[in-house]
Amino acid sequence: MFKFKNLLSILIMIFAITTAAPCIAVSANQGRMVRVGISDAKFQNYYFNTINVSATDNFRLSDKASDTVIADFGALEDVNIKIKDNLFTVTQASTVIAENIKGPVVVESDNGYVTVTGLNRAGKPVYYRGTFEITKAPKKDNQFNVINVLDLESYLRGVVPNEMPVRFGFEALKAQAVLARNYVLMPREQNYHNFDVCDSVACQVYFGANTEQELSDKAVYETENIVAMHEGQLVLALYSSTAGGYTESYENAFSTDLANGVRLFPGSPKPFLKGVPDCADTPVLTSESAAREFYTTTPETFDNKSPYFRWTKEWEKSELENVLKKTLITQSKAGFVKPKLTRPEDFGSLKDIKVTRRGVSGKAMFIDIVTSKGTYTVSKELPIRRTFQKDGISLPSANVIFDIEKATESKTDDSLKDKLTPAKSYTKIVARGGGFGHGVGMSQYGAGAMGEEGYSYSDIVQHYFKNTAIGTYPVELSNDTGHDTESQVFYTKNKKAYLVVENKFQFSDLTVVLNGQELHVEVIPKLFKPEKYDISPYLKKGENKITYILPYSDLHKKSVRVYVELNEAKNDK
């Protein structure tokens with residue numbers, strides 16, 4: 001266990017001496033940087049061969065490869081950057097400023113925002129904090145990416161109000177900020193070579209500085225450096241609009257992609273992403289009867305205010321058959337339809353729709369589409385949603401109940417002829433369901449309702465993410481130059497926190513400076529279990545600053561991992 005050297009003496013001195021202990025001079029923490037890929041106006045393309053850039057104040061272009069300034073420009077001047085023969089050319093008003101530049105080309109303004117000329121977000125011209133890096137795309141001739149490079153907290157200011165309506169309230173916005181921070185630090189998929197995260201719904205919606213709002217900025221500030229963790233590791237922070245009153249377990253909605261290209265579904269489970277009902281007495285909804293009861297009624301949940309809490313879609317039989325002939329071919333190519341449908345004429349006539357397996361929230365995992373020519377099994381929530389389209393739009397969620405009903409079309413014309421015409425009988429397919437999105441992790445509408453009911457942001461996060469602690473992002477210290485000291489700022493209301501040290505190697509000493517109080521920690525190496533120390537006596541209500549300092553020793557060849565835990569995991573089953 002950890003022992004603080006001369007702990008009693010330190011406590012006596014802290015409370016007896018009115019002047020603060022001297023601070024140790026430390027290097028400033030410049031914050032974590034994020035590389036965000038910027039897409040086109042339709043959020044579809046991240047590759048360009050020409051683009052115009054500008055800034056709201058004086059700005060310059062530099063060649064990062066040679067570390068030289070290409071040219072300086074005035075505020076709002078329009079500059080074109082294009083690529084040919086995999087080299088960049090900079091042009092202004094048809095005049096070539098520079099050419100044959102290896103790049104990346106850096107666009108930066110000391111006192112302004114950088115922008116892509118003509119690009120709008122949320123109906124406004126887009127402006128970005130930080131810099132642009134115009135970087136050649138790997139394995140693509142004469143194509144480049146536009147990358148916004150900025151610090152993490154500034155990035156989140158352009159994410160939170162675009163991922164969650166500000167009207168959802170302060171605590172919900174703080175929960176969103178924590179999860180958005182988690183997501184950019186550990187995205188679900190890392191498919192990008194030049195940047196960490198994209199700017200669209202494929203990652204997190206990021207619209208830059210022109211969409212920042214005061215309340216969401218405050219939510220980012222009051223959760224600075226705060227993340228959600230399971231056993232000391234960042235959780236995969238998934239969220240969607242509306243869960244429908246019951247979230248789903250990760251493995252029942254997502255596949256595991258193997259290195260050989262094979263996709264396994266159900267996927268690998270994650271202990272912190274387990275299906276959670278809003279009402280504790282709600283049974284698991286794996287049976288058809290339980291799912292039908294839940295999604296054809298309106299129980300009281302945190303999601304009731306969502307317009308997608310419950311929904312209905314209807315098709316005439318021939319209409320749905322025409323839809324399925326197209327969508328099953330598309331989803332067959334993605335690998336989630338067995339056997340594959342390759343030609344519309346092989347579909348036949350629709351006979352039945354059967355959900356053969358459901359997740360704990362009642363989410364359809366496997367659906368059999370029975371036709372006169374065979375049975376096609378569709379798996380996984382997103383392919384299922386994309387299979388059952390209405391007017392070209394996918395199902396809101398896979399929390400769905402299907403019914404095939406006989407219906408009669410009534411005549412409304414009062415003419416004698418129509419009165420003598422028999423009413424038309426037809427078959428319709430009705431899909432009833434609840435929720436919008438994949439339903440794994442936090443429900444954003446649910447978070448808004450929880451905030452209104454007085455739950456804190458940590459309550460919200462820990463409701464949706466089981467066995468999860470809330471704390472500062474873990475930092476690693478070592479005796480390598482520049483890595484022996486790091487500072488963090490964090491905000492707390494209840495003045496309760498623990499210092500957590502993961503020390504698997506030979507370290508025996510650690511110095512912590514918390515709000516000006518210098519503490520020396522004597523540590524004992526442990527391979528599997530971190531040690532905690534209650535640092536609550538040294539906290540302030542509001543903003544706190546902690547600095548970790550690792551004393552130098554020739555024995556210290558590895559690293560030590562440290563962070564502040566604000567809310568312990570609740571160890572829910």
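Just so you know, residue 1 is the first one in the sequence shown, and it goes up from there.
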With a 4.5 Å limit on heavy-atom distance, are the side chains of V284 and Y246 in contact?
-> yes
Do V512 and Q517 have side-chain heavy atoms sitting under 4.5 Å apart?
-> no
Check whether NZ of the Lys or CZ of the Arg K380 lies under 6.0 Å from the centre of the six-membered ring of F265 and within 45 degrees of that ring's axis.
-> no
Checking side chain to side chain contact (heavy atoms under 4.5 Å, CB included) for the pair K496/D534: CA distance, chi angles, key distance, verdict?
-> CA-CA 8 Å; K496 182 73 175 178; D534 187 355; 3.5 Å; yes
Is any side-chain heavy atom of V34 closer than 4.5 Å to a side-chain heavy atom of D151?
-> no
In this structure, CZ of F272 is separated from CG of L236 (nearest 0.5 Å) by 5.5 Å
Applying ring pair (Phe, Tyr, Trp, His ring centres under 6.0 Å), run through F43 and F207 and close with a yes or a no.
-> CA-CA 11 Å; F43 301 101; F207 285 172; 5.7 Å; yes
Considering only heavy atoms from C-beta outward, does the side chain of L273 approach that of E251 to under 4.5 Å?
-> no
To the nearest 0.5 Å, what is the distance between CD (E153) and CG (D217)?
-> 11.0 Å
Contact check, side chains of R121 and I38, non-hydrogen atoms, under 4.5 Å | yes
What is the ring orientation for Y183 with Y239, classed by angle as parallel under 30°, tilted 30 to 60°, or perpendicular over 60°?
-> perpendicular
Do the rings of Y455 and F302 sit parallel, tilted or perpendicular, given the 30° and 60° boundaries?
-> perpendicular
Walk me through it: do F436 and Y445 pass the test side chain to side chain contact (heavy atoms under 4.5 Å, CB included)?
-> CA-CA 10 Å; F436 186 86; Y445 266 92; over 6 Å; no
Look at R35 together with D196 and state whether they make a salt bridge at an N to O cut-off of under 4.0 Å.
-> no
Any side-chain heavy atom of E381 sitting closer than 4.5 Å to one from E248?
-> no
Is the cationic atom of R310 (NZ for Lys, CZ for Arg) positioned less than 6.0 Å from the six-membered ring centroid of F294 and within 45 degrees of its normal?
-> yes
Start with the C-alpha gap between S536 and K495, add the side-chain angles, then the distance that decides, and say whether side chain to side chain contact (heavy atoms under 4.5 Å, CB included) holds.
-> CA-CA 6 Å; S536 303; K495 297 177 65 175; 5.8 Å; no
Checking ring pair (Phe, Tyr, Trp, His ring centres under 6.0 Å) for the pair Y206/Y128: CA distance, chi angles, key distance, verdict?
-> CA-CA 10 Å; Y206 168 64; Y128 295 103; 5.7 Å; yes
Residue pair V227 / Y563, side-chain heavy-atom distance below 4.5 Å = no
Please say whether more than 12 non-hydrogen atoms of neighbouring residues, nucleotides or ligands are located less than 6.0 Å from CD in E453.
-> yes
In sequence, state the C-alpha distance, the side-chain angles, and the governing distance for H438 and F254, and then conclude on ring pair (Phe, Tyr, Trp, His ring centres under 6.0 Å).
-> CA-CA 9 Å; H438 53 67; F254 293 98; 5.3 Å; yes
T511 versus D509, side-chain donor and acceptor atoms under 3.5 Å | no
Heavy-atom neighbours of R561 CZ exceed 12 at 6.0 Å | yes
